[in-house]
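Below: the structure, in structure tokens.
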Amino acid sequence: MKVNAVSCAAHTLAYSLIGLQNINLAFKYPIIFWNTANLIVDSSGVDDGETEEEEIKEEAEEDEVETDEEDEEEDEISTKEKVKRAKKTVNYGKTASAIGKFQSRGITISPPDINKSDFSFTPLVEENSIVYGLRGITRVSADLVKEIIAGRPYSSFDDFNSRIKTNKLQMINLIKSGFFDSLESDRVALMKKYIISISETKKKLTLQNMQGLIDYQVIPKEMSFYGKLFLFNKFLKKHKSDTYYKLNESAIEFISRNFDPDIIVDGIKVSQKTWDNTYKKAMDPMRDYLKDNLEELLEDYNGKLIQEQWNKYALGNLSKWEMDSISCYYHEHEITQVNSNYHFINFYDLPEEPIVEKTFPNKNGGEIKVYQLSLIAGTVLDKNKLKNSITLLTKDGVVNVKIYKNQYALFDKQLSEKDSSGKKKVIEKSWFSKGNLLMVQGIRRGNDFVPKKSKHSVYPVISKIESITEDGFINFKFEREGVEEE
């Protein structure tokens with residue numbers, strides 16, 4: 001075989017120059033620069049081609065379910081357009097996996113900073129840490145990042161909020177990520193302040209607020225009739241016919257039981273004018289009650305209104321917030337608070353080949369090995385459909401979990417049903433969605449953890465951790481609707 005000497009020399013020269021550049025970087029600059037460069041490449045380098053269009057489409061469709069009310073224009077964007085956009089956005093799974101591996105090596109990744117962070121990761125020499133890039137914050141667009149950087153410096157949250165336009169989900173994720181920590185040290189207090197500001201609390205209560213009073217169960221038992229009357233009136237308004245309200249059997253019974261039955265015409269309808277006057281007068285005691293108890297009712301109503309917004313946007317601790325917004329933990333892993341009785345194992349303490357617990361002969365004269373099973377638990381960072389694997393961030397580091405094909409498909413599928421209008425409604429997303437907490441039972445094989453179970457297994461191969469109590473106990477979900485383990 002003939003070798004082109006010129007081509008070979010050019011090839012060698014190129015790699016030699018890269019080597020010299022690396023030596024120069026390592027010699028003249030602190031190691032944090034080298035680590036930052038590697039993190040940028042590992043987290044956002046050229047895609048390896050493993051992300052299928054089908055997977056991007058699924059993520060776009062999942063995202064539709066979570067669209068905020070204020071972003072109504074987003075509802076009109078087709079899934080096709082969402083796929084096109086998704087291909088241009090941050091690969092959060094890849095970023096999360098890279099960060100997890102760097103953290104396991106003792107490299108400090110600091111939360112994004114309002115006055116220091118750039119688009120991507122940036123080295124902070126004095127702190128010997130890498131500050132998170134703004135573009136990696138969930139739902140923070142490139143245009144918003146440019147606007148943030150152009151507006152610096154900021155002196156407070158209020159200063160930022162008055163000058164930079166964000167939607168609710170963007171601001172929620174900025175707060176969750178620790179973006180304001182250098183100016184507002186109490187992240188929880190800042191979140192409460194923002195949630196209150198978007199909760200549209202009331203300064204007065206009238207009959208126009210009756211639906212909310214009913215929904216939040218603010219009306220006391222002794223006034224419950226007026227809640228029923230309000231709902232009955234709403235029902236009649238939907239059944240107008242000329243100058244009458246049409247009545248069904250239930251409506252006839254309600255009027256006959258609570259009002260003068262003579263207002264019913266021909267046994268099937270009531271004059272709109274007659275009913276509207278009857279309703280207005282009947283609600284007078286409720287109007288008086290609202291006036292006489294306004295302060296107490298406002299406190300109860302607004303408190304529940306704020307709690308509803310908190311439950312929608314801000315449930316979980318700081319660790320959960322960080323995983324939601326930046327796909328990594330600056331505070332301790334959520335699993336750290338779990339009771340030690342669950343006996344989760346450090347994957348890296350397991351031997352690379354599984355321990356054989358016992359063997360017994362099979363029909364062909366060979367032997368069947370029964371392996372010692374272990375439990376690991378962590379947060380889903382990424383999934384790879386082509387390789388039937390997920391990346392799990394345990395409190396001890398990043399673990400690749402290799403799953404049998406049929407098993408992977410069962411736990412990865414999105415469960416949905418059509419409502420009465422024929423619209424598709426998601427019941428449960430994939431268990432392998434980024435941010436989910438999973439417990440996996442199985443064995444280690446080389447660099448992979450392989451889910452397995454035996455006849456005497458206490459737990460299934462994969463369990464979804466729904467919540468962790470303050471005492472460290474776990475609320476599990478062991479199975480999915482229509483899912484049977486292989």
Side-chain angles (χ1 to χ4, degrees), residues 38-63 79 82-105 136 138 323-324 326-329 333 335 347-348 350 352 376-394 396-415 426 428-452 460-465 480 483 485-486:
N38 278 281
L39 180 55
I40 290 172
V41 171
D42 289 356
S43 63
S44 57
V46 178
D47 198 346
D48 55 12
E50 292 173 351
T51 302
E52 297 269 333
E53 181 171 317
E54 179 186 347
E55 187 170 344
I56 298 173
K57 181 179 178 181
E58 176 187 303
E59 290 175 0
E61 288 174 342
E62 286 180 0
D63 196 50
T79 300
K82 286 175 180 282
V83 171
K84 187 185 292 185
R85 287 185 182 184
K87 290 180 178 179
K88 298 178 182 179
T89 59
V90 177
N91 187 329
Y92 295 107
K94 192 171 184 179
T95 300
S97 298
I99 291 171
K101 289 173 183 175
F102 273 67
Q103 287 178 322
S104 67
R105 287 159 47 192
T138 303
M323 180 52 63
D324 289 344
I326 55 176
S327 306
C328 69
Y329 296 114
H333 197 297
I335 296 298
F347 170 82
Y348 298 97
L350 294 172
E352 291 195 12
I376 65 169
T379 311
V380 178
L381 297 182
D382 202 4
K383 62 181 181 180
N384 188 317
K385 288 191 173 185
L386 295 183
K387 294 183 178 180
N388 299 314
S389 65
I390 61 173
T391 305
L392 207 63
L393 177 61
T394 71
D396 303 300
V398 175
V399 177
N400 187 64
V401 181
K402 182 69 175 175
I403 305 168
Y404 294 117
K405 185 175 181 179
N406 292 341
Q407 199 175 67
Y408 182 96
L410 289 171
F411 285 99
D412 185 46
K413 70 179 180 179
Q414 181 170 284
L415 305 180
V426 175
E428 184 181 46
K429 293 183 181 180
S430 162
W431 277 22
F432 301 149
S433 298
K434 180 175 69 72
N436 278 349
L437 289 173
L438 299 180
M439 181 180 77
V440 186
Q441 177 183 258
I443 59 173
R444 178 176 179 176
R445 280 195 191 280
N447 294 322
D448 298 329
F449 191 79
V450 182
K452 280 188 176 292
V461 288
I462 298 174
S463 307
K464 185 171 181 282
I465 299 174
R480 307 188 70 193
V483 172
E485 293 189 77
E486 294 289 307

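All values below were derived from every heavy atom in this structure, side-chain atoms included, with hydrogens, water molecules and symmetry-related copies excluded.
- Taking all atoms of both residues into account, the shortest heavy-atom contact from L386 to N384 is N-OD1, 3.0 Å.
- For the pair I465 and I335, the minimum side-chain heavy-atom distance is below 4.5 Å.
- The two atoms that bring V380 and S433 nearest to each other are CB-O, 3.5 Å, heavy atoms only.
- Of all heavy-atom pairs between L39 and F102, the closest is N-CZ, 3.5 Å.
- T95 places none of its side-chain heavy atoms less than 4.5 Å from the side chain of S327.
- Heavy-atom minimum distance, P451 versus I403: CG-CG1, 4.0 Å.
- At distances below 3.5 Å, not a single donor-acceptor pair connects side-chain atoms of K385 with backbone N or O atoms of Y408.
- Looking at S430, its side chain does come within 3.5 Å of a backbone N or O of D412 through a donor-acceptor pair.
- Scored by the side-chain hydrogen bond (donor to acceptor under 3.5 Å, both in side chains) test, D448 finds N400 as partners (sequence neighbours excluded).
- In this view, N388 satisfies the side-chain hydrogen bond (donor to acceptor under 3.5 Å, both in side chains) rule with no residue, not counting sequence neighbours.
- When atom types are taken as modelled, the side chain of N436 and the backbone of W431 share a donor-acceptor pair closer than 3.5 angstrom.
- Counting only heavy atoms from C-beta outward, the side chains of D324 and T138 never approach each other to under 4.5 Å.
- Side-chain contact between F347 and V440 is absent, with no heavy-atom pair separated by less than 4.5 Å.
- Annotation: the span from L437 atom CG to H333 atom NE2 amounts to 6.5 Å, rounded to 0.5 Å.
- Applying the side chain to side chain donor-acceptor pair (under 3.5 Å) test to every pair with at least one member in residues 437-447, sequence neighbours left out, gives these pairs: Q441-S457.
- Qualifying side-chain hydrogen bond (donor to acceptor under 3.5 Å, both in side chains) partners for K452, counting only residues two or more places apart in sequence or in other chains: Y404.
- Side-chain contact between K464 and L438 is present, with heavy atoms from C-beta onward closer than 4.5 Å.
- Side-chain contact between M323 and L381: present, with at least one pair of heavy atoms (C-beta onward) separated by less than 4.5 Å.
- With sequence neighbours left out, K101 forms a side-chain hydrogen bond (donor to acceptor under 3.5 Å, both in side chains) with no residue at all.
- Counting only N and O atoms by type, the side chains of T379 and Y329 include a donor and acceptor under 3.5 Å apart.
- Take K434 and apply the salt bridge (charged side-chain N to carboxylate O under 4.0 Å, His left out) test, not counting sequence neighbours, and it matches no residue.
- The side chain to side chain contact (heavy atoms under 4.5 Å, CB included) test applied to T394 returns D396, V399, not counting sequence neighbours.
- Taking CD1 of I462 as the reference point, atom CE of M439 lies at 10.5 Å (rounded to 0.5 Å).
- Minimum interatomic distance between R480 and K413 (heavy atoms only, all atoms of both residues): NH1-O, 2.7 Å.
- The two atoms that bring A377 and L392 nearest to each other are C-CD2, 4.4 Å, heavy atoms only.
- In terms of the ring-ring contact (aromatic ring centres under 6.0 Å, His included) criterion, F449 has no residue partners (sequence neighbours excluded).
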